[in-house]
Amino acid sequence: MSSQAEAPQAPPGTPDADPLRWWGLTVIAIAQLMIVLDATIVNIALPTAQADLHISVANRQWVITAYTLAFGGLLLLGGRIGDLFGRKRVFIIGLLGFAVASALGGAAQGQEMLFAARALQGALGAILAPAALSLLTTTFTEPSERGKAFGIYGAIAGGGAAVGLVLGGLLTEFLNWRWCLFVNTPIAIVAALGATRTLRDNLPQAARVRLDFVGVLLGCGGLLAIVYGCTEAETHGWSSPRVLGLLCGGGLLLVLFALFEGRVRNPLLPQRIVRDRNRGGSALTVALAVISLFGTFLFLTYYLQTIKGYSPVIAGVSFLPMTAGIVFTSTQVSSRLLTRVQARMLIVPGLLLVAAGMFLLVFLRADSSFAAVVLPSEILIGLGMGLVFMPSMSVATSGVRPQDAGVASAVVNTAQQVGGSIGTALLNTIAASAATAYITAHATSPPVSKGLQVTGTVHGYNVASATAACIMLAAAILAAFLINHHPDRYEAAARSRRESEAQSAA
């Protein structure tokens, strides 16, 4: 049977619906999964790569930092590049470039080559991620189809990081660390070949925008400084002059960026994107949710491996209940209700479920069983995140002008990336400080016993979990007040999109 026959029929009144759009969704999903996996898959392999390439302890962070810096700092530029040169073209170039960068990283003969390859991966991911989301946004405009498409996308965005931990452990243990990078190359090539056949760019040439070079310098420079500052806070502390200088400098650049963008004809980030309460509220919700989620990933991974003694593979597998929860609620709950109820009726309960799951980790002890505390916490977090990610990303990209779809997608991706950087550094610092204070208060005489060190470490995780739960509660309150997106707006956006396409065709 042909692919045209297998694809669902277009809803009545939809002109020229692409019969290959569901195959295109598969390609977009593969690309997004590859990007999300790459953020965590290398973490498990880092100790082996460090020993193999003789990377110093001081420099090993650059395997992660090189990627996050380039990815987080260049997302706004990446989104605008798609708007300027065409999303499909940029998507394919990004995939092929990512394949080459991954192969270079896997074949690295020294630390400099590996760091450069990781930075190149991040830069290409910064153009690939917004291109993927904007293609999804412009391809699926009918409300019923949009819900299904974003359900799949949301499940990948929320659960891919946990899958990366599992895959990284398997590849490192049964092959070697290089395959954590090599694995991207065939996947990216296959996805690029599929994109040439199944995707189309709905943005007319006349609607494309010019590039705002001053905005690129101010906006990307500010994001680079903030992401780097958060990364450095993990090792130097938040009060370090270097960290404070980076954060303050980045904040100043972003203030100048906001002032400048209101005065240019073709801004890198049009103010109409972030001034809309639903899009701004959704991006803020995603940022706060990821701050808590990535921090939780970090100390749960340490707890399972250093306190409970799990192997990397078993520790990764332990996150699968959370992933299953995200996939279930994204595809079976959020996707079905998104066009029937207000978005905040999904997002707010989801954030409260996640907060409850993180609060359970406050009761974690060194001798706690996985089934008693960690498993129910993961289930609650997974079910909740599936109600948060999918509708937040859909609302954040709903109703934007065709020429702004790329930068709108970049905004929500930037919120996710910057939130992850802040969350990892912030909650790690809180956990370490609480552990040190606990051990100092309870130590009677040096040396500190191993039992007290373990108890203090777990206490630090408890404090970090309580902080993460409070951040989630704050996100729920903000989402309740800021997001008022009604399901009828999806139909209005679809109608506006059809009218715009009809005018362009005429």
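Everything numeric here is computed off the predicted structure, so don't read it as measured data.
- Side-chain contact check for M34 versus L95: some heavy-atom pair is nearer than 4.5 Å.
- Around atom CZ of F370, more than 12 heavy atoms belonging to other residues, nucleotides or ligands sit under 6.0 Å away.
- Residues I347 and S392 form a side-chain contact, since some pair of their non-hydrogen atoms from C-beta on lies under 4.5 Å apart.
- At a threshold of 4.5 Å between non-hydrogen side-chain atoms, the residues I127 and F98 do not count as touching.
- Atom CG of residue L473 and atom CG of residue L352 lie 6.5 Å apart, to the nearest 0.5 angstrom.
- Between atom OG1 of residue T285 and atom CG of residue L288 there is a gap of 7.0 Å, rounded to the nearest 0.5 Å.
- Counting heavy atoms from C-beta outward, N484 and R344 have side chains that approach closer than 4.5 Å.
- Between R279 atom CZ and I483 atom CD1 the span is 12.5 Å, to the nearest 0.5 Å.
- In this structure, S330 contributes its side chain and I326 its backbone to a donor-acceptor pair below 3.5 Å.
- Atom-to-atom distance recorded for I226:CD1 and L254:CG is 4.5 Å, nearest 0.5 angstrom.
- Annotation: side chain of V374 is not in contact with side chain of K308 (no heavy-atom distance under 4.5 Å).
- Looking at P376 and L360, their side chains come closer than 4.5 Å, going by heavy atoms from C-beta outward.
- The two residues A70 and A126 make their nearest non-hydrogen contact at O-CB, 4.1 Å.
- Residues V317 and Y310 are not in side-chain contact: their nearest non-hydrogen atoms beyond the backbone lie 4.5 Å or more apart.
- Residues T329 and M385 are not in side-chain contact: their nearest non-hydrogen atoms beyond the backbone lie 4.5 Å or more apart.
- Note that the CE atom of M358 and the CD atom of E378 stand 11.0 Å from one another [nearest 0.5 Å].
- Interatomic distance, T467 OG1 to I430 CD1, rounded to the nearest 0.5 Å: 4.0 Å.
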Notebook entry, point to check: L361 and Y303: side-chain contact (heavy atoms from CB on, under 4.5 Å), yes or no, with the steps?
Noted result: CA-CA 11 Å; L361 296 176; Y303 173 81; over 6 Å; no
Margin query: Set out, in order, the CA-CA distance, both residues' side-chain angles and the distance that settles side-chain contact (heavy atoms from CB on, under 4.5 Å) for N462 and Y438, then state yes or no.
Written below: CA-CA 12 Å; N462 298 153; Y438 183 92; over 6 Å; no
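- What you find for V27 and G194 is that their closest heavy atoms are CG2-C, 3.9 Å.
- Note: F359 and F363 have perpendicular aromatic rings, judged against thresholds of 30 and 60 degrees for the angle between ring planes.
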